[in-house]
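What follows is a single structure, written as structure tokens, with notes after it.
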Amino acid sequence: MASIPGASNAFWGSFVCYTNDAKRKMLGVEEELLKKHGPVSRETALAMAKGALEKSGADIAVSITGLAGPEGDGSGKKVGTVFMGLASFKAGQLYFEDREYFFKGLRNEIRRAAAITALQLIKDFALGSIHIA
């Protein structure tokens, strides 16, 4: 994202929160939520997006949490399971949505597919193709 000239005109930055501790400290994801739903869940993705939105002050935030492999995490979710959250302030109100995806392939292929899908989600929201409630 940042390799595109002029990206700083639209791209505030990012948070890389691989561990639960990072999700809590950097994005304010509550420990109880992580214990109840796990780090790879709709609820966590949504909390991450909301936290990123609040911490950054950006207009829109998207989060990705998933299992890219090569192994699972013991939760019973399959490698390739990815959840995304999207949050935005619009007219002073918080709008948000979560999505679940399943991508096939090796670790880097899953990560790339998730990144491309997240960018498409942002584009669709920005162009009004999806409406968040």
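Index from 1, following the sequence.
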Using the side-chain contact (heavy atoms from CB on, under 4.5 Å) criterion, which residues pair with [X]? Sequence neighbours excluded.
X: T19; result: D21, A22
X: K78; result: T81, F102
X: T44; result: K23, L33, L34, S41, M48
X: L53; result: A61, A87, F89, L94

Linking I/L/V/M/F/W/Y whenever their side-chain heavy atoms sit closer than 4.5 Å, directly or via other members, would V40 and L27 fall into one cluster?
->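 Looking at the clustering, L27 is in a separate group from V40.
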
According to a 4.5 Å side-chain heavy-atom criterion applied to Ile, Leu, Val, Met, Phe, Trp and Tyr, with indirect links allowed, do I122 and M84 form part of one hydrophobic cluster?
-> yes

Tell me whether the guanidinium CZ or amine NZ of K55 lies under 6.0 angstrom from the six-membered ring centre of F15 and within 45° of its axis.
-> no

By side-chain hydrogen bond (donor to acceptor under 3.5 Å, both in side chains), which residues pair with E54, not counting sequence neighbours?
->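 side-chain hydrogen bond (donor to acceptor under 3.5 Å, both in side chains) list for E54, sorted by chain: empty.
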
If we only count heavy atoms from C-beta on, is the F83 to R99 side-chain gap below 4.5 Å?
-> no

4.5 Å side-chain heavy-atom contact, V82 and F103 | yes

Can a salt bridge be assigned to the pair E100 and R42 using a cut-off of 4.0 Å between side-chain N and carboxylate O?
-> yes

With sequence neighbours excluded, tell me which residues meet salt bridge (Lys or Arg N to Asp or Glu O under 4.0 Å) with [X].
X: E31; value: K35
X: R107; value: none
X: K104; value: none

Show me the donor-acceptor pairs within less than 3.5 Å that the side chains of residues 64-76 make with the rest of the protein, sequence neighbours left out.
{"from": "T65", "atom 1": "OG1", "to": "P39", "atom 2": "O", "distance (Å)": "2.7"}
{"from": "D73", "atom 1": "OD1", "to": "S75", "atom 2": "N", "distance (Å)": "2.9"}
{"from": "D73", "atom 1": "OD1", "to": "S75", "atom 2": "OG", "distance (Å)": "2.5"}
{"from": "S75", "atom 1": "OG", "to": "K77", "atom 2": "N", "distance (Å)": "3.3"}

Sequence neighbours excluded - salt bridge (Lys or Arg N to Asp or Glu O under 4.0 Å) pairs with any residue from residues 2-16 |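 Qualifying pairs: none.
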
For the [atom1] atom of [X] and the [atom2] atom of [Y], what is their distance to the nearest 0.5 Å?
X: E97; Y: S88; atom1: CD; atom2: OG; value: 12.0 Å
X: I60; Y: Y95; atom1: CD1; atom2: OH; value: 13.0 Å
X: E32; Y: H37; atom1: CD; atom2: NE2; value: 10.5 Å

With a cut-off of 3.5 Å and sequence neighbours excluded, list every side-chain donor-acceptor pair involving residues 111-121.
{"from": "R111", "atom 1": "NH1", "to": "Y18", "atom 2": "OH", "distance (Å)": "3.3"}
{"from": "T117", "atom 1": "OG1", "to": "A113", "atom 2": "O", "distance (Å)": "2.8"}
{"from": "Q120", "atom 1": "NE2", "to": "D124", "atom 2": "OD1", "distance (Å)": "2.7"}

Under the ring pair (Phe, Tyr, Trp, His ring centres under 6.0 Å) test, which residues partner F11, sequence neighbours left out?
-> none

